[in-house]
Number of protein chains: 2
Amino acid sequence: MAKYKEIAATIRKRISDGTYPAKTALPEQIKLAQEFKTSRMTIQKALEILMFEDLIYSKQGSGTFIKSNAASLSQLDTGINQYIGTTALFKGKSEVRSQVLEKKLRLPTPDESEYLQLDEIEAVYDIIRLRFLDGKPYSIEHSVMPAKILKNLTKEILEKSIYYYLENKLGLKIGSAYRKISADKPNDMDQKYLKCDLTEPVLQVEQTVFLQNGIPFEYSTTRHRYDQGSIITVTKGNGAPA
Amino acid sequence: MAKYKEIAATIRKRISDGTYPAKTALPEQIKLAQEFKTSRMTIQKALEILMFEDLIYSKQGSGTFIKSNAASLSQLDTGINQYIGTTALFKGKSEVRSQVLEKKLRLPTPDESEYLQLDEIEAVYDIIRLRFLDGKPYSIEHSVMPAKILKNLTKEILEKSIYYYLENKLGLKIGSAYRKISADKPNDMDQKYLKCDLTEPVLQVEQTVFLQNGIPFEYSTTRHRYDQGSIITVTKGNGAPA
DNA sequence: CAGTGGTCTAGACCACGTT
DNA sequence: ACGTGGTCTAGACCACTGC
């Protein structure tokens, strides 16, 4: 592994085990460079990682400090702000199953061709899946995906995880996602499949997901029963003044 | 401005105006270093900014490429994933006003002292505000903040923006935030103040906001009328494999 | 003014992908 | 094998903070 990553890991460990206590200053970059027998640039690359993880922050002219919530943050082993699909989310805790309500190939609507950056002649898969958690329905997901990316999409893949198929079978990497989250009254499908009555709202997540190269690969709308899910987000502070 | 930031700005401009078209490779780092009369390290710091902004990505051994959604992304002048308060969000578009329904000093509940990392003997402000957009109520915000941070909180400040007060008057910087977003049935207050009937749900955002040094400064629950707001998030792809 | 982090250089070698 | 990005060095000077 790269030296600066190893240094970052060492410092991260010292933060989580209390060797470097919260709210105190880290040793100066020069000292760290001496200790790790490296240059200041390399120390800075290591510290940059920890800043990105929100464990420390620097003030020019003053020092580099450990955030007061750093110890608890460093326990989380994965990065900030993940885009975990529903299948991975409940992994190990419960049993998740998908029922494919619809799977057809059609042409995109004008909106969809804009969101997915497609020509009007390029077909899309139109898929509706009902998700079950431990046998109980908890969400309906309506996905539209370009057929040229998801070739040979089978029902079997849809019943498992599309994300797994993309990354492991097609070798494509997921990049960013835009999401719009809102609350809504239950519509006919919600009432039928999610067993919502008129006073039971849904949490709707409308999202466009991009591959690493910036090509959109999915536009979807997911509606959750209000008592069956919430969205957690972590927003990192910007360094730049407004 | 630092040279690497200027270089990043120049390249960003070339991406947005099409000088460097989407899906193509950027000039090699050596070439860029020559053009800008600088070293490769400085070019890399410039490119790092653009990667963080999700405009480009690199593949070792291959090149640095422009994402296909880069041009549209570079139009957004502000950074990714902002934590803008409601006041700033609607700036220039509409008129936002706050009515303070409650403002008292009390001791924290066990949950609150955990979220806010407070001793049970440290007082908190308990504040309930009703927000109006163009004269119509659209959300109720219940905030709990440590009194030791927000000294001398006046009703006047509450009617404007707490965030503005923090950053400009107290010189404190906002850092990260954790949010939990969910949908819910309207409760008594929602029905009374947001004029929700029983079939009109609310979008609830429960959040803990931290200062730059990691100290929590606000735990709040905001309930929006379902037809008056949605949450937009942008999730950046991780570089690391799962 | 002393001490800290921020930027920058002009090289070098390594790791990876492509051919 | 070659060309790309990734890492790393051993310095230098600048910008800011705090005494």
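Only this structure's heavy atoms are used, side chains among them; waters, hydrogens and symmetry mates stay out. Since we're looking at a predicted model, the values are computed, not measured. Residue numbering restarts at 1 for every chain, and letters A, B, ... go by the order of the sequence lines.
- Checking side-chain atoms of B:D119 against main-chain N and O of B:I121 turns up no donor-acceptor pair under 3.5 Å.
- Side-chain N/O atoms of A:K3 include one lying less than 4.0 angstrom from OP1 or OP2 on D:dT9.
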Checklist entry - What string of B, S and - do you get for nucleotides 12-19 of chain C, 5' to 3', if B is base contact, S is sugar-phosphate-only contact and - is no contact with any protein heavy atom under 4.0 Å? => result B--BBS--

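- To the nearest angstrom, P of D:dA15 lies 14 Å from CE of B:M1.
- The CE atom of B:M41 sits 10 Å away from the C1' atom of C:dT7 (whole-angstrom rounding).
- Across the protein-nucleic acid pair, A:Q44 atom CD and D:dT7 atom C1' stand 15 Å apart, rounded to whole Å.
- Regarding contacts with the backbone of C:dG6, a side-chain N or O of A:Q29 is found under 4.0 angstrom from either OP1 or OP2.
- Taking atom OH of A:Y57 as the reference point, atom C1' of D:dT17 lies 13 Å away to the nearest angstrom.
- Proximity of A:S39 to the phosphate of D:dA10: no side-chain N or O atom is located under 4.0 Å from OP1 or OP2.
- The shortest distance between the side-chain N/O atoms of A:K45 and the OP1/OP2 oxygens of D:dC8 is not below 4.0 Å.
- For the residue pair A:K103 and A:Y125, the shortest heavy atom distance occurs at NZ-CE2, 4.2 Å.
- A distance of 6.0 Å separates OG1 of A:T38 from CD1 of A:I43, quoted to the nearest 0.5 Å.
- Spacing between atom CZ of A:F65 and atom C1' of D:dG18 amounts to 11 Å, rounded to whole angstrom units.
- Distance, B:I7 CD1 to C:dT7 P: 13 Å, rounded to whole Å.
- Looking at A:I127, A:V209, A:V124 one by one, the single match for side chain to side chain contact (heavy atoms under 4.5 Å, CB included) with A:M145 turns out to be A:I127.
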Checklist entry - Which is it for B:F217 and B:L172 under the side-chain contact (heavy atoms from CB on, under 4.5 Å) test, yes or no, and what are the steps along the way? => result CA-CA 10 Å; B:F217 110 87; B:L172 299 173; over 6 Å; no

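- Here the P atom of nucleotide C:dG6 and the NZ atom of B:K5 are 10 Å apart, to the nearest Å.
- One interatomic measurement links the two molecules: CD1 of A:I56 to P of C:dT4, which rounds to 16 Å at whole-angstrom precision.
- To the nearest 0.5 angstrom, B:L47 atom CG is 15.0 Å from B:F52 atom CZ.
- A sub-4.0 Å separation between OP1 or OP2 of C:dT9 and a side-chain N or O of B:T42 is present.
- Pairs of residues two or more places apart, or lying in two chains, that qualify as salt bridge (Lys or Arg N to Asp or Glu O under 4.0 Å) and include a residue from residues 34-49 of chain A are A:R14-A:E35.
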